[in-house]
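Notes to accompany the following structure.
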2 protein chains.
Amino acid sequence: MTTRDPRATGLARLAGLFADETRAACLLALLDGRAWTASELARHAGVAASTLSEHLSRLVAGGLLAEERQGRHRYVRLADARIAQLVEDLAAQVAPGTAVRPRSLRESSAGSAMARGRTCYDHLAGRLGIAVTDALTARGLLQQETGFALTDTGVAWFASAGIGLERRGRRPLARACLDWTERRPHLAGVAGAALCRHALDAGWCVRIGSERAVKVTAAGEQAFFDLLGVETAALL
Amino acid sequence: MTTRDPRATGLARLAGLFADETRAACLLALLDGRAWTASELARHAGVAASTLSEHLSRLVAGGLLAEERQGRHRYVRLADARIAQLVEDLAAQVAPGTAVRPRSLRESSAGSAMARGRTCYDHLAGRLGIAVTDALTARGLLQQETGFALTDTGVAWFASAGIGLERRGRRPLARACLDWTERRPHLAGVAGAALCRHALDAGWCVRIGSERAVKVTAAGEQAFFDLLGVETAALL
DNA sequence: CGGACCGTTCGGCCGCCGCCGAAGTGTCCC
DNA sequence: GGGACACTTCGGCGGCGGCCGAACGGTCCG
């Protein structure tokens, strides 16, 4: 028996964590960046609580999830932005033919709300995210010609809008995230997260229900138009 | 029985292709960007030809590999640059603690040659790739401050060096690829591929044996120094 | 034509893993 | 204290999937 390449072993082990429909459903759900309880995820995935408990333990042990125990609850969330990006990257590869078809009126409207605007871990996605990214690009604040980066005027724009861009760790300031509904890149990274956070803090957007979908408020409609010329009302 | 989210199903199926040590070893080997025969991969992975045949069929069916039959040979390679990127991304997540420890003198020298310079699908990696990326950045040809993109002078530099940058499809001009030995970003994307191709065509580098490792020639040493100020002799 | 070689198909074996329900532990709240 | 609740552990079941060797089909070459 030959000794095997440890990198292959590690890769297989990591991929194995994703290679189960129930765990995959959990990871996708957790892409909203929030912390879920074990029972919420069990209901979401449609399996027994005992089954899900074991899945969570594996995901935590594998470093994909961080957990936080509070009383009788076990909250889990994606471990960090790098893990979130990995989930996004994998999910983006899948999408090409895999459109999500709604199965009920309620899901249908929830689905179209998701397609209109949502968060993707910590930044804006959906048509809203893309519209913002396009607007930034059209105004010369972001450039995608020779890579993907904020321009000097782009950095100044964030400052003037009062949106702080604090670099922490090695996370890139701007990064492209491929949207799984639109198949187009949108702004992620520190700048994407800061913009999303500001939009929520300033009341430009509010979360719909407890899901990932977000809705643009009247104030947000004004702000997006004034600052970027984005007609959010035309997004649907 | 409830109907499941098709995205979770697809994600699990995709990840399942990576979630086997033998298939993972194949994918990592194929990161050299070349086409391998089934028996070469079987020997590399240490399994029977029959076993590997089935693995290849699954990988091809899953869209990860492209195959080309020639006579009695079955050549396979990674399907495209996006797949290569996905393999890189997953492998990069694994690396943190997983250093590849050499098991023999031959592997040891091959390993250090790999760490010194190699190709990563279609661009330069290893310490050579990082040195080139750092030099481009230090000279203001590439900027990583607000994202990852070539600067205007960077685009001009490629032109003046006679390295064509033909955009084709949606592949980004410049993209960061995280090196699994050095844990630092290096240039990938169209520019990275063009630079690597030029280095091989112009004889700056030659492949060592039939593996991914590359060696800088005397002419290359001169060229890298003249064009970028990189002291390739100091790489080890 | 015959032998060497590459790859594939098939049957069978074995182990892993996802699933559940039942029972147990700990927490919260009345 | 007692009951409801969130989660975990355990045993057992069933299926999937990776592995091999043997037999077979195709291709190349002498």
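Naming convention: chains lettered A, B, ... in sequence-line order (proteins, then strands); numbering from 1 in each chain.
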Atom-pair distance ([atom1] on [X]; [atom2] on [N]), nearest Å:
X: A:F18; N: C:dG18; atom1: CZ; atom2: P; result: 14 Å
X: A:R23; N: C:dC19; atom1: CZ; atom2: C1'; result: 12 Å
X: A:E67; N: D:dC7; atom1: CD; atom2: C1'; result: 11 Å
X: B:L52; N: C:dT9; atom1: CG; atom2: P; result: 13 Å

Rounded to 10°, tell me the angle between the two end axes of the helix from C:dC1-D:dG30 to C:dC30-D:dG1, each built from five pairs.
30°
For DNA chain C, what residues of residues 54-63 of chain A have any heavy atom nearer than 4.0 Å?
A:H55, A:R58
Salt bridge between [X] and [Y], side-chain N to carboxylate O under 4.0 Å?
X: A:D89; Y: B:R82; value: no
X: A:R77; Y: A:D32; value: no
X: B:E88; Y: B:R175; value: yes
X: A:D122; Y: A:R34; value: no

Flag side-chain contact, heavy atom, 4.5 Å: B:L128 against B:C205
yes
Within a strict 4.5 Å, meaning less than it, do heavy atoms of the A:L28 and B:L11 side chains meet?
yes
Close N/O contacts between protein and nucleotides 2-7 of chain C (under 3.5 Å):
{"unit_1": "C:dC5", "atom_1": "O2", "unit_2": "B:R72", "atom_2": "NH1", "d": "2.9"}
{"unit_1": "C:dC6", "atom_1": "O3'", "unit_2": "B:R72", "atom_2": "O", "d": "3.3"}
{"unit_1": "C:dG7", "atom_1": "OP1", "unit_2": "B:A38", "atom_2": "N", "d": "3.4"}
{"unit_1": "C:dG7", "atom_1": "OP1", "unit_2": "B:R74", "atom_2": "N", "d": "3.2"}
{"unit_1": "C:dG7", "atom_1": "OP2", "unit_2": "B:S39", "atom_2": "N", "d": "2.9"}
{"unit_1": "C:dG7", "atom_1": "OP2", "unit_2": "B:S39", "atom_2": "OG", "d": "2.5"}

Test your reading of the model: is there a side-chain donor-acceptor pair from B:T37 to the backbone of B:R74, 3.5 Å cut-off?
no
Phosphate-side-chain proximity, B:S50 and D:dC20, N/O vs OP1/OP2 below 4.0 Å
no
Anything under 30° is parallel, anything over 60° is perpendicular, the rest tilted; go ahead and classify B:H123 against B:H186.
tilted
Starting from the 5' end of DNA chain C, give me the residue, A:G16 or A:Q70, whose nearest nucleotide shows up first.
A:G16
Take A:D20 and A:R58, measure what salt bridge (Lys or Arg N to Asp or Glu O under 4.0 Å) needs, and give me the verdict at the end.
CA-CA 12 Å; A:D20 172 81; A:R58 290 189 58 173; over 6 Å; no
Base C:dG18 paired with A:T22 side chain (donor-acceptor, <3.5 Å)
no
Any side-chain donor-acceptor pair under 3.5 Å between A:R184 and A:T133?
no
Tell me, yes or no, whether the heavy-atom count around B:R197 atom CZ, taken from other residues, nucleotides or ligands under 6.0 Å, exceeds 12.
no
